[in-house]
Amino acid sequence: MSDLVASWDLSLSDGIHKVEFEHGTTTGKRVIRVDGKEIYRIDWMFKLVGREHFTVSNTKCVITIDAVSGFAYEYTLEVNGKPLRKFQENQSKIMRTWTAYVGGVETRIVLEKDTLDVWVNGQKMETTGEFVDDGTETHFELDNSHSAYIKATSTGKRKDGIVHTLYINDAEIPVATE
């Protein structure tokens with residue numbers, strides 16, 4: 001019998017991770033799984049509430065267990081010291097994500113806007129930057145037959161800032177909705 005009480009999807013630069021939490025409300029059992037792999041287990045604990053700390057891809061996470069009434073519990077996930085929702089809002093500001101089929105395989109491409117690192121399916125890519133007339137281009141190879149670049153252009157409006165557009169083999173790829 002599974003005591004699965006919560007699960008969250010956590011979008012990081014290296015991919016989307018599924019975090020699952022089991023809690024035995026009579027034994028205090030706690031199990032944390034990330035992407036189906038068990039990373040933490042304790043089968044007996046007298047204290048039924050508390051916090052469990054763990055990492056996902058070098059990102060600090062905490063699951064908090066609070067009693068709300070009687071034997072009812074509330075489970076929350078914090079990522080880098082922020083509630084999950086706030087962390088996701090922050091991520092959408094500092095990351096731009098695209099998904100495309102490259103050679104028949106779904107490929108996830110992420111630009112970290114603060115560091116200008118490019119990740120393809122969880123692997124950090126070697127990139128080459130180039131100044132062009134209307135902005136910059138960050139070039140990288142997806143494989144031997146697919147080249148790509150991310151073009152950064154200014155909107156000319158301070159509030160809107162810079163627009164990042166991905167091109168694979170010179171075809172524009174729409175931004176993913178995660």
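Values below: all heavy atoms of this structure, side chains included; hydrogens, waters and symmetry mates excluded. As the structure is a prediction and not an experimental result, all values here were calculated from the model.
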J.: Would a 4.5 Å heavy-atom cut-off, applied to side chains only, mark Ile168 and Ile109 as touching?
T.: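 Ile168 reaches Ile109 side chain to side chain.
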J.: Count I, L, V, M, F, W, Y as connected when their side-chain heavy atoms are under 4.5 Å apart, and connections chain through other members. Are Leu111 and Tyr149 then in the same cluster?
T.: no
J.: Are Val49 and Leu4 in one and the same hydrophobic cluster, where Ile, Leu, Val, Met, Phe, Trp and Tyr link if side-chain heavy atoms are under 4.5 Å apart?
T.: no
J.: Please report the interatomic distance CD(Glu141) to OG1(Thr127), rounded to the nearest 0.5 Å.
T.: 12.0 Å
J.: Is there a donor-acceptor contact under 3.5 Å from the side chain of Asn169 to the main chain of Ser147?
T.: yes
J.: Quick check: does any side chain N or O of Lys113 sit under 3.5 Å from a backbone N or O of Lys93, one acting as donor and the other as acceptor?
T.: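 A pair under 3.5 Å: yes.
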J.: Tell me the closest heavy-atom pair linking Glu74 and Val68, and the distance in Å.
T.: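 Heavy atoms of Glu74 and Val68 come nearest at CB-CG1, 3.7 Å.
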J.: Below 4.0 angstrom, N of the basic side chain to O of the carboxylate: do Glu22 and Arg33 qualify?
T.: yes
J.: When rounded to the nearest 0.5 angstrom, what distance separates CZ in Phe140 from CH2 in Trp119?
T.: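 One gets 13.5 Å once the value is rounded to the nearest 0.5 Å.
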J.: Nearest 0.5 Å please: distance from the CD atom of Glu38 over to the CD atom of Glu20.
T.: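 Here the interatomic distance stands at 11.0 Å.
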J.: If you count every heavy atom of other residues, nucleotides or ligands that lies below 6.0 Å from Asn58 atom CG, does the total exceed 12?
T.: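 Atom CG in Asn58 is not packed in, count stays at 12 or less.
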J.: With side chain to side chain contact (heavy atoms under 4.5 Å, CB included) as the criterion, how do Phe87 and Leu77 come out once you've worked through the C-alpha distance, each side chain's angles and the decisive distance to 0.1 Å?
T.: CA-CA 10 Å; Phe87 175 79; Leu77 177 64; over 6 Å; no
J.: For a side chain to side chain contact (heavy atoms under 4.5 Å, CB included) check, start with the C-alpha distance between His164 and Leu166, then their side-chain angles and the critical distance, and finish with the verdict.
T.: CA-CA 7 Å; His164 296 89; Leu166 172 67; over 6 Å; no
J.: Establish whether Ile16 and Val118 are linked, either directly or via other cluster members, by ILVMFWY side-chain heavy-atom contacts under 4.5 Å.
T.: no
J.: Go through Tyr75 and His23 one step at a time and tell me if the side chain to side chain donor-acceptor pair (under 3.5 Å) criterion holds.
T.: CA-CA 10 Å; Tyr75 308 93; His23 183 223; 2.7 Å; yes
J.: Does the side chain of Thr107 come within less than 4.5 Å of Asn121's, by heavy atoms?
T.: yes
J.: For the residue pair Thr76 and Trp8, what are the closest heavy atoms and their distance?
T.: C-CZ2, 4.0 Å
J.: Testing Arg108, Gln91, Gln88, His17 one by one against Ser11 for a side-chain hydrogen bond (donor to acceptor under 3.5 Å, both in side chains), which residue passes?
T.: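 Of the listed residues Arg108, Gln91, Gln88, His17, the side-chain hydrogen bond (donor to acceptor under 3.5 Å, both in side chains) partner of Ser11 is Arg108.
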J.: Linking I/L/V/M/F/W/Y whenever any side-chain heavy atoms sit under 4.5 Å apart, do Val34 and Ile42 land together?
T.: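 Val34 and Ile42: one cluster.
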J.: Report the distance from atom CG of Leu84 to atom SG of Cys61, rounding to the nearest 0.5 Å.
T.: 9.0 Å
J.: Classify the side-chain pair Arg51/Thr64 by whether it contains a donor and acceptor separated by less than 3.5 Å.
T.: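 Yes, side-chain donor-acceptor contact under 3.5 Å.
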J.: Is Asp35 salt-bridged to Lys18, going by a charged N under 4.0 Å from an acidic O?
T.: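 Looking at Lys18 together with Asp35, the answer is no, because their closest N to O distance does not fall below 4.0 Å.
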J.: Would Ile173 end up clustered with Met95 when hydrophobic side chains under 4.5 Å apart are linked, directly or stepwise?
T.: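 Each belongs to a different hydrophobic cluster.
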J.: Is Arg85 atom CZ crowded by more than 12 heavy atoms from other residues, nucleotides or ligands, each under 6.0 Å away?
T.: no
J.: Are the side chain of Ser57 and the backbone of Thr59 linked by a donor-acceptor contact shorter than 3.5 Å?
T.: no
J.: From Met45 CE over to Lys29 NZ, what is the distance, rounded to the nearest 0.5 angstrom?
T.: 14.0 Å
J.: For the pair Thr26 (side chain) and Gly24 (backbone), establish whether a donor and an acceptor sit closer than 3.5 Å, ignoring hydrogens and angles.
T.: no
J.: Do the side chains of Ile65 and Leu48 get nearer than 4.5 Å, heavy atoms only?
T.: no
J.: Name the one of Thr138, Thr165, Asp134 that satisfies side-chain hydrogen bond (donor to acceptor under 3.5 Å, both in side chains) with Lys151?
T.: Asp134
J.: Of all heavy-atom pairs between Glu106 and Tyr101, which one has the smallest distance, and what is that distance?
T.: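 Nearest heavy atoms, Glu106 then Tyr101: N-CD2, 3.6 Å.
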J.: Could you tell me which non-hydrogen atom of Trp98 sits nearest to which non-hydrogen atom of Ile150, and how far apart they are?
T.: CZ3-CD1, 3.8 Å
J.: Between NE2 of His53 and CD1 of Ile32, what distance do you get to the nearest 0.5 Å?
T.: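 Interatomic distance, His53 NE2 to Ile32 CD1, rounded to 0.5 Å: 10.0 Å.
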